[in-house]
Amino acid sequence: MQKKYLIGNWKMYKTTQEAIGFMGALLPELKAIDAGSLALYIAPSFVHLSAIADLIGDHQSIQLIAQNCHHEAEGAFTGEVSAAMLAAIGVKGVLIGHSERRSYQKEDHPLLAQKIKRVLEAGMQPFLCCGESLAARKHGKHKTIVQQQLQESLMGLTPKEIETVAIAYEPVWAIGTGQVASLTVITEMHAFIREVLSELCAGEKVPILYGGSCNPQNAKAILGCPNVAGGLIGGASLRVDAFMQIVAALLEQKDGTGYSCN
Ligand code: 13P
């Protein structure tokens with residue numbers, strides 16, 4: 001059975017003190033449960049990574065992901081952070097192409113493809129985000145957009161390399177809006193992403209996570225949908241109690257098929 005993933009994307013929230021406080025409360029809760037079947041991650045701001053890595057220590061019940069990295073291996077790029085720098089402090093993965101970065105930093109597919117390469121070279125797992133805007137969905141272009149995002153961002157990778165990537169489907173209209181995608185949409189889009197990955201010769205191994213207004217109330221149903229290997233959580237990951245409720249929902253999943261989604 002494939003591991004179920006849960007990633008808390010803290011975006012630009014929490015001071016270091018608040019981040020340390022959160023982890024101080026979370027780690028004992030994780031110690032108290034058997035989370036061995038789960039792949040749990042926190043994606044804090046760069047500035048908190050070292051402090052949180054120290055707190056996690058050998059515990060390993062939860063790991064660190066960065067929210068971004070630079071597309072070059074190193075160089076004169078003031079203010080940037082390389083994949084190798086992240087790997088050196090114990091970071092295990094990097095979010096690539098979050099819709100907020102595609103939109104505000106104008107990140108395009110060729111740039112994202114370069115970032116994925118840097119992450120793989122540094123021995124970490126890329127978590128490639130994809131998802132359509134509301135306008136694209138209204139015009140019936142959601143599948144075309146997601147297909148293009150995947151094909152162009154994964155371009156140049158071998159099928160073996162693609163199998164080490166994880167995908168996060170995050171419809172833009174569901175992020176931070178409280179407008180979670182219906183189980184029908186989630187099921188349809190995850191099946192479609194699986195098809196696109198198969199065309200790229202990457203089999204069933206690539207985990208496909210869902211993100212967008214996932215919370216303790218809806219997590220169990222979402223995480224039980226076919227082809228949903230876990231959740232990428234924004235707002236609800238900022239509170240320990242909400243994060244732990246989603247962990248509990250994940251632990252309730254007995255297999256990869258779960259609920260019938262309609
Ligand atoms: P919300 O869970 O706040 O909708 O954010 C989702 C997200 O963007 C995670 O990367």
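Every number for a ligand or one of its atoms is a count from 1 in the order of the listing. Note: hydrogens, waters and symmetry copies are ignored here, and every other heavy atom, side chains too, is used. Starting from 1, each residue takes its place in the sequence as its number.
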| task | Could you tell me how the ring of F127 sits relative to the ring of Y5: parallel (under 30°), tilted (30 to 60°) or perpendicular (over 60°)? | result |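 The arrangement is perpendicular - the two ring planes meet at more than 60°.
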| Parallel, tilted or perpendicular: ring planes of F22 versus F243, cut at 30 and 60 degrees |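 Answer is perpendicular, since the angle exceeds 60°.
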Could you tell me which atoms of ligand 1, counted from 1 in the order shown, lie closer than 4.0 angstrom to a heavy atom of [X]?
X	result
S213	1 (P), 2 (O), 4 (O)
A174	4 (O)
G176	1 (P), 3 (O), 4 (O)
L232	9 (C), 10 (O)

Looking only at protein heavy atoms, which one is nearest to [atom], and what is the separation?
atom	answer
atom 3 (O) of ligand 1	G235 N, 2.8 Å
atom 5 (O) of ligand 1	K11 NZ, 3.3 Å
atom 7 (C) of ligand 1	E170 OE2, 3.0 Å
atom 2 (O) of ligand 1	G234 N, 2.9 Å

| said: I'd like to know whether V185 forms a side-chain contact (heavy atoms from CB on, under 4.5 Å) with R137, so could you lay out the CA-CA distance, the side-chain angles of the two residues, the decisive distance to 0.1 Å, and finally the verdict. | reply: CA-CA 11 Å; V185 165; R137 178 157 283 273; 3.6 Å; yes
| query | CZ of F77: more than 12 outside heavy atoms within 6.0 angstrom? | reply |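 Atom CZ in F77 is packed in, count exceeds 12.
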| Distance-only, no hydrogens or angles: does the K4 side chain make a donor-acceptor pair with backbone N or O of V228 under 3.5 Å? |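 Indeed, once roles are kept as given, a pair shorter than 3.5 Å links the two residues.
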Going by heavy atoms, is [X] under 4.0 Å from ligand 1?
X	answer
G211	no
A168	no
A236	no

| query | Hey, mind stepping through I193 and V206 against side-chain contact (heavy atoms from CB on, under 4.5 Å) and telling me if it holds? | reply | CA-CA 10 Å; I193 290 168; V206 178; over 6 Å; no
| field | Value rounded to 0.5 Å, distance of CD1 in I52 from OG in S45 | value |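 The CD1 atom of I52 sits 9.0 Å away from the OG atom of S45.
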Does an N or O anywhere in [X] fall below 3.5 Å from an N or O of ligand 1?
X	result
E100	no
G212	no
T177	no

| So, H71 and Q114: side-chain donor and acceptor under 3.5 Å apart, yes or no? |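 Not at all, the side chains of H71 and Q114 share no donor-acceptor pair under 3.5 Å.
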| Do Q67 and W10 have side-chain N/O donor and acceptor atoms under 3.5 Å apart? |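 No, no side-chain donor-acceptor contact under 3.5 Å.
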| task | Have a look at ligand 1 and work out which part of N9, if any, has a heavy atom under 4.0 Å from it: side chain, backbone, both or neither. | result |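 Side chain only.
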| Is S237 touching ligand 1 with its side chain, its backbone, both, or neither, if touching means heavy atoms under 4.0 Å apart? |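 Neither part.
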| task | Using the side-chain hydrogen bond (donor to acceptor under 3.5 Å, both in side chains) rule, pick out the option among H98, Q105, K115, E100 that qualifies with N68. | result |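 Looking at H98, Q105, K115, E100, the match for N68 under the side-chain hydrogen bond (donor to acceptor under 3.5 Å, both in side chains) is K115.
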